[in-house]
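Have a look at the structure below, then the notes.
Predicted, not measured: the structure shown is a model, and the values here were computed from it. Values below: all heavy atoms of this structure, side chains included; hydrogens, waters and symmetry mates excluded. Counting from 1, the numbers follow the sequence of the chain as shown.
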Amino acid sequence: MPSAYLLLGSNLGDRTAILREAVAHLTATAGTLVAASSLYETAAWGLEDQPAFLNQAICLHTSLLPIPLLEACQAAEQRAGRERLVRWGARTLDVDILLYDDLILETARLTLPHPRLPERRFVLVPLTEIAAAVVHPSLGCTVAELLAVCPDTLEVQQLP
């Protein structure tokens, strides 16, 4: 069964509860939870004038192909009350597919691996916790190696 690595983020409402409910929803609809990182708090990336995010990386074993998995992720976002008003704006829930086994895919709806994965510490830090040795299929280096050379300087704080 393929392994899919997802990043969940929330900066509105009860962020911890929203992430917990999203993981439960995704495991009920998209696959079996294999690993989940700690929760990490970070300042907003891209559009900085908004509340801090909580982020968590998870790994699912899934029988879903990438587009149906994307649809399951978007259904989790809608279930959490996500509204797409401003790009990179505040949101109750954001779920991104980071990696799907070693698949390289580029469609109008989905690009895998996630194209901005190497640029974002808030993605790489939690992902390294659960997948440090996983190799990025198009760059040929591990997640830990990507984190070591990541140009992003935003602080990523692990919650106790």
*Should Leu54 and Val95 be regarded as members of a common hydrophobic cluster, given that ILVMFWY residues are connected when their side-chain heavy atoms come within less than 4.5 Å of each other, either directly or indirectly?*
yes

*Short side-chain to backbone donor-acceptor contact, Asp102 and Pro137, under 3.5 Å*: no

_Treating Thr92 as the side-chain partner and Ala80 as the backbone partner, does any N or O pair qualify as donor plus acceptor under 3.5 Å?_
yes

*Under the side-chain contact (heavy atoms from CB on, under 4.5 Å) criterion, do Leu69 and Ile97 qualify, and how do the steps go?*
CA-CA 8 Å; Leu69 177 59; Ile97 305 172; 3.8 Å; yes

_His61-Ser3 side chain donor-acceptor pair, cut-off 3.5 Å_ = yes

Per-pair distances, 0.1 Å, donor-acceptor, side chain in residues 103-114, under 3.5 Å, sequence neighbours excluded:
residue : atom : partner : partner atom : Å
Thr107  : OG1  : Arg109  : N            : 3.2
Thr107  : OG1  : Leu110  : N            : 2.9
Thr107  : OG1  : Leu110  : O            : 3.1
Arg109  : NH1  : Glu71   : OE2          : 3.1
His114  : ND1  : Arg116  : N            : 3.2

*Are any of the side-chain heavy atoms of Ser10 and Phe53 separated by less than 4.5 Å?*
no

*Is there a donor-acceptor pair under 3.5 Å between the side chain of Asn11 and the backbone N or O of Pro51?*
yes

*Would you mind reporting whether Leu60 and Tyr5 have side-chain heavy atoms less than 4.5 Å apart?*
no

_Please check: side-chain N/O of Asp96 versus main-chain N/O of Leu7, any donor-acceptor pairing under 3.5 Å?_
no

*asked:* Rounded to the nearest 0.5 Å, what separates atom CD in Gln56 from atom CD1 in Ile18?
replied: 13.0 Å

_Residue pair Asn55 / Thr42, side-chain donor-acceptor N/O under 3.5 Å_ = yes

*Hey, mind stepping through Arg79 and Glu77 against side-chain contact (heavy atoms from CB on, under 4.5 Å) and telling me if it holds?*
CA-CA 5 Å; Arg79 189 168 189 260; Glu77 292 174 344; over 6 Å; no

*Considering non-hydrogen atoms only, spot the tightest contact between Pro118 and Pro115 and give its length.*
CD-O, 3.9 Å

Side-chain donor-acceptor pairs of residues 21-28 under 3.5 Å, sequence neighbours excluded:
residue : atom : partner : partner atom : Å
Thr27   : OG1  : Val23   : O            : 3.1
Thr27   : OG1  : Ala24   : O            : 3.0

*What distance do Glu119 atom CD and Cys150 atom SG have between them, rounded to the nearest 0.5 Å?*
8.0 Å

_side-chain contact (heavy atoms from CB on, under 4.5 Å) between Leu99 and Leu117, intermediate numbers included_ = CA-CA 9 Å; Leu99 299 162; Leu117 188 154; 4.3 Å; yes

Would you list the atom pairs, donor with acceptor, under 3.5 Å between side chains in residues 138-149 and any protein atom, with sequence neighbours excluded?
residue : atom : partner : partner atom : Å
Ser138  : OG   : His136  : ND1          : 3.3
Thr142  : OG1  : Glu145  : N            : 3.0
Thr142  : OG1  : Glu145  : OE1          : 3.4
Glu145  : OE1  : Thr142  : N            : 2.8

_Please tell me whether Val123 and Leu154 are part of a single hydrophobic cluster in this structure, the criterion being side-chain heavy atoms less than 4.5 Å apart._
yes

*Do Ile130 and Leu6 belong together in a cluster built from hydrophobic side chains that touch within less than 4.5 Å?*
no

_Applying a strict under-4.5 Å side-chain criterion to I, L, V, M, F, W and Y, I'd like to know whether Leu93 and Ile58 cluster together._
yes

Going by atom type alone, with no hydrogens or angles, which donor-acceptor pairs under 3.5 Å involve a side-chain atom of residues 33-40 and a protein atom two or more places apart or on another chain?
residue : atom : partner : partner atom : Å
Ser37   : OG   : Ala57   : N            : 2.9
Ser37   : OG   : Ala57   : O            : 3.4
Ser38   : OG   : Glu129  : OE1          : 3.3
Ser38   : OG   : Glu129  : OE2          : 3.0
Ser38   : OG   : Gln158  : NE2          : 2.8
Tyr40   : OH   : Glu129  : OE1          : 2.4

_Under the rule for side-chain contact (heavy atoms from CB on, under 4.5 Å), what residues qualify as partners of Asp14, not counting sequence neighbours?_
Thr16, Ala17

*List in chain and number order the residues that pass side-chain hydrogen bond (donor to acceptor under 3.5 Å, both in side chains) with Arg15, two or more places apart in sequence or in another chain; answer none if no residue qualifies.*
Glu41

*Is there side-chain contact between Leu124 and Val156, with at least one heavy-atom pair below 4.5 Å?*
no

